[in-house]
**Student:** 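Following this message is one structure expressed as structure tokens.
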Amino acid sequence: MPRHQFANAVWQEENVMEAADFRQLLTNNPKLQQWIDQSENLSFNILHADTSQVGKEVLWGSLIYKQSRHARDAQDVFHFYVSPDLLVTSTLDFEEDMDMPRHLMIQQMEHAESPLEVMMILLGGMVGSVLHKIDGFEERLHHLLWNIKEHNNRQTLEKIEEVRHEILLWKHLIMGFREISMAIEETFGEVVREGREYKRTSKRIDRCVMLVESYEDEIGNMVNMEDVVANYRGNEIVKTLTVLTTLFTPVMAWGALWGMNFRVMPELDLRYGYAISLAVILSSTFMLYLYFRQKGWTGDILRSIDSKTKRKQRQD
């Protein structure tokens, strides 16, 4: 298996968790053995620390560093064991991710002060890959922000739900990196905070956290905006139906009155009864409309119709 000997650190990669080196590292530690047994089908992060011996602290676990937004099982897991003297990890497919150039990371590791720093370089490469993918997410979020203004419909709402789910995945992913960064300081002491790579990777993780939290706030504002628009439209629909129903009340009332089948109805003998009935219906409807207009109950409806007409004329 690949074994990298640096000036101040040793990093060994293993293809599978069942490799002998993983088993031989802590043969007397049942937690490590249990972790190795579980690692084959892991779908969640695991982190263990052994601080029972001063100067011989160890940290091991598994980290989901890639997660597809389309499929639950499409994820990549990174297994690691790190001590002050040695770093053992599962093999990383650097060629698959252009954001993690292997040769540049190896060169960076040559100047690492300890296996802990090598570990932080690996985490930094993973977090950098996440940051580049978040840039693509930011672009989709920007388009969606304008779609809410220009094309607020069911498809836009579905897209909001999609990005909301995606930001939750990003948040869950970054929590794993942040936990490892904190666990390294907890396990090996505050002295690790002085390491250059630890500082750099921690800042990169903090940047990820800041971006994800900011985007989460934006999506929350989108959802609130969508709720406001949906409520406004619903109120406008109810208002329009109410106004239209009320405007047609004179038609229904006079029609019901003159549609009665009583034997004695004086209006039946009027020469111009038909014209008079139309005039009564139209005038009462118009008076009702003027009353609504005076109260301001039809303003938004008429403006909405007028704006749609002008928009259609511009498109034509």
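Just the heavy atoms: all of them, side chains too, but no hydrogens, waters or symmetry mates, feed the values below. Residue numbers count from 1 along this sequence.
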**Student:** Around Trp258, counting heavy atoms of other residues, nucleotides and ligands shown, do more than 12 lie under 6.0 Å from its CH2?
**Tutor:** yes
**Student:** Got Tyr291 and Met287 here, is their nearest side-chain heavy-atom distance under 4.5 Å?
**Tutor:** no
**Student:** Has the side chain of Ser202 got a donor or acceptor atom that lies under 3.5 Å from a matching backbone atom of Lys199?
**Tutor:** no
**Student:** Looking at every non-hydrogen atom in both residues, tell me the closest pair between Ile205 and Phe177 and how far apart they are.
**Tutor:** CD1-O, 3.6 Å
**Student:** Looking only at atom types and distance, does a side-chain atom of Tyr198 sit under 3.5 Å from a main-chain N or O of Ser181, one as donor and one as acceptor?
**Tutor:**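 It does hold such a pair.
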**Student:** For a side-chain contact (heavy atoms from CB on, under 4.5 Å) check, start with the C-alpha distance between Leu59 and Glu186, then their side-chain angles and the critical distance, and finish with the verdict.
**Tutor:** CA-CA 10 Å; Leu59 181 71; Glu186 176 189 347; over 6 Å; no
**Student:** Between Asp85 and Ser83, does any side-chain donor sit less than 3.5 Å from a side-chain acceptor?
**Tutor:** no
**Student:** Can you check whether Thr249 reaches Thr285 side chain to side chain, under 4.5 Å on heavy atoms?
**Tutor:**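 The answer is no; the side chains never approach within 4.5 Å.
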**Student:** In terms of the angle between their ring planes, are Tyr65 and Phe78 parallel, tilted or perpendicular, with boundaries placed at 30° and 60°?
**Tutor:**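 Rings of Tyr65 and Phe78: perpendicular, over 60°.
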**Student:** Provide the closest heavy-atom pair for Thr187 versus Val58 in the form atom of the first, atom of the second, distance.
**Tutor:** CG2-O, 3.7 Å
**Student:** Taking the side chain as every heavy atom from C-beta outward, state whether Ile276 and Val280 have any pair of such atoms under 4.5 Å apart.
**Tutor:** yes
**Student:** Is there a donor-acceptor contact under 3.5 Å from the side chain of Arg69 to the main chain of Glu166?
**Tutor:** no
**Student:** Do any N or O atoms from the side chain of Asp206 and from the backbone of Cys208 form a donor-acceptor pair under 3.5 angstrom?
**Tutor:**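 Checked: no pair found.
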**Student:** Only one of Leu173, Ile46, Asp76 passes side-chain contact (heavy atoms from CB on, under 4.5 Å) with Ile64; say which it is.
**Tutor:** Leu173
**Student:** Is any side-chain heavy atom of Leu144 closer than 4.5 Å to a side-chain heavy atom of Val163?
**Tutor:**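 In short, these two side chains touch, coming nearer than 4.5 Å.
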**Student:** Please say whether more than 12 non-hydrogen atoms of neighbouring residues, nucleotides or ligands are located less than 6.0 Å from CE in Met175.
**Tutor:** no
**Student:** If we only count heavy atoms from C-beta on, is the Val251 to Phe248 side-chain gap below 4.5 Å?
**Tutor:** yes
**Student:** For Gly128 versus Arg204, what's the shortest heavy-atom pair and its separation?
**Tutor:**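 Looking at all heavy atoms of both residues, the shortest contact is N-CD, 3.8 Å.
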**Student:** Of the non-hydrogen atoms in Leu288 and Thr246, which two are nearest, and what is the gap between them?
**Tutor:**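 Taking every non-hydrogen atom into account, CD2-O, 3.0 Å.
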**Student:** Determine yes or no for a side-chain-to-main-chain donor-acceptor pair under 3.5 angstrom, with Gln108 supplying the side chain and Ala112 the backbone.
**Tutor:**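 Checked: no pair found.
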**Student:** Looking at His4, I want to see if its NE2 is surrounded by more than 12 non-hydrogen atoms of other residues, nucleotides or ligands under 6.0 Å.
**Tutor:**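 Counting other residues, nucleotides and ligands, NE2 of His4 exceeds 12 neighbours.
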**Student:** What are the two closest heavy atoms between His79 and Val77, and how far apart are they?
**Tutor:**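 The pair with the smallest heavy-atom distance is CE1-CG1, 3.5 Å.
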**Student:** Please give me the minimum heavy-atom distance between Val118 and Met109, naming the atom from each residue.
**Tutor:** CG1-SD, 3.7 Å
**Student:** Whether Glu216 and Lys171 form a salt bridge (side-chain N of Lys/Arg under 4.0 Å from carboxylate O of Asp/Glu) is what I want to check.
**Tutor:** yes
**Student:** So do the side chains of Leu63 and Met126 get within less than 4.5 Å of each other, counting heavy atoms only?
**Tutor:** yes
**Student:** Any donor and acceptor pair, going by atom type alone, linking the side chain of Glu190 with main-chain N or O of Glu185 inside 3.5 Å?
**Tutor:**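 Side chain of Glu190 to backbone of Glu185, a donor-acceptor pair under 3.5 Å: no, none is there.
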**Student:** Hey, is CD on Glu113 packed in by over 12 heavy atoms from elsewhere, all under 6.0 Å?
**Tutor:**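 12 or below, so no.
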**Student:** Below 4.0 angstrom, N of the basic side chain to O of the carboxylate: do Glu197 and Arg200 qualify?
**Tutor:**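 Yes, charged N to carboxylate O under 4.0 Å.
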**Student:** Could you tell me whether the side chain of Trp60 reaches within less than 4.5 Å of the side chain of Val88, counting heavy atoms only?
**Tutor:**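 SC-SC contact between Val88 and Trp60 ruled out.
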**Student:** Any heavy-atom pair between the side chains of Pro115 and Trp11 that's under 4.5 Å?
**Tutor:**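 Trp11 vs Pro115: side chains apart.
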**Student:** Would you give the length of the straight line joining atom CD of Glu13 to atom OG1 of Thr89, rounded to the nearest 0.5 angstrom?
**Tutor:** 5.0 Å
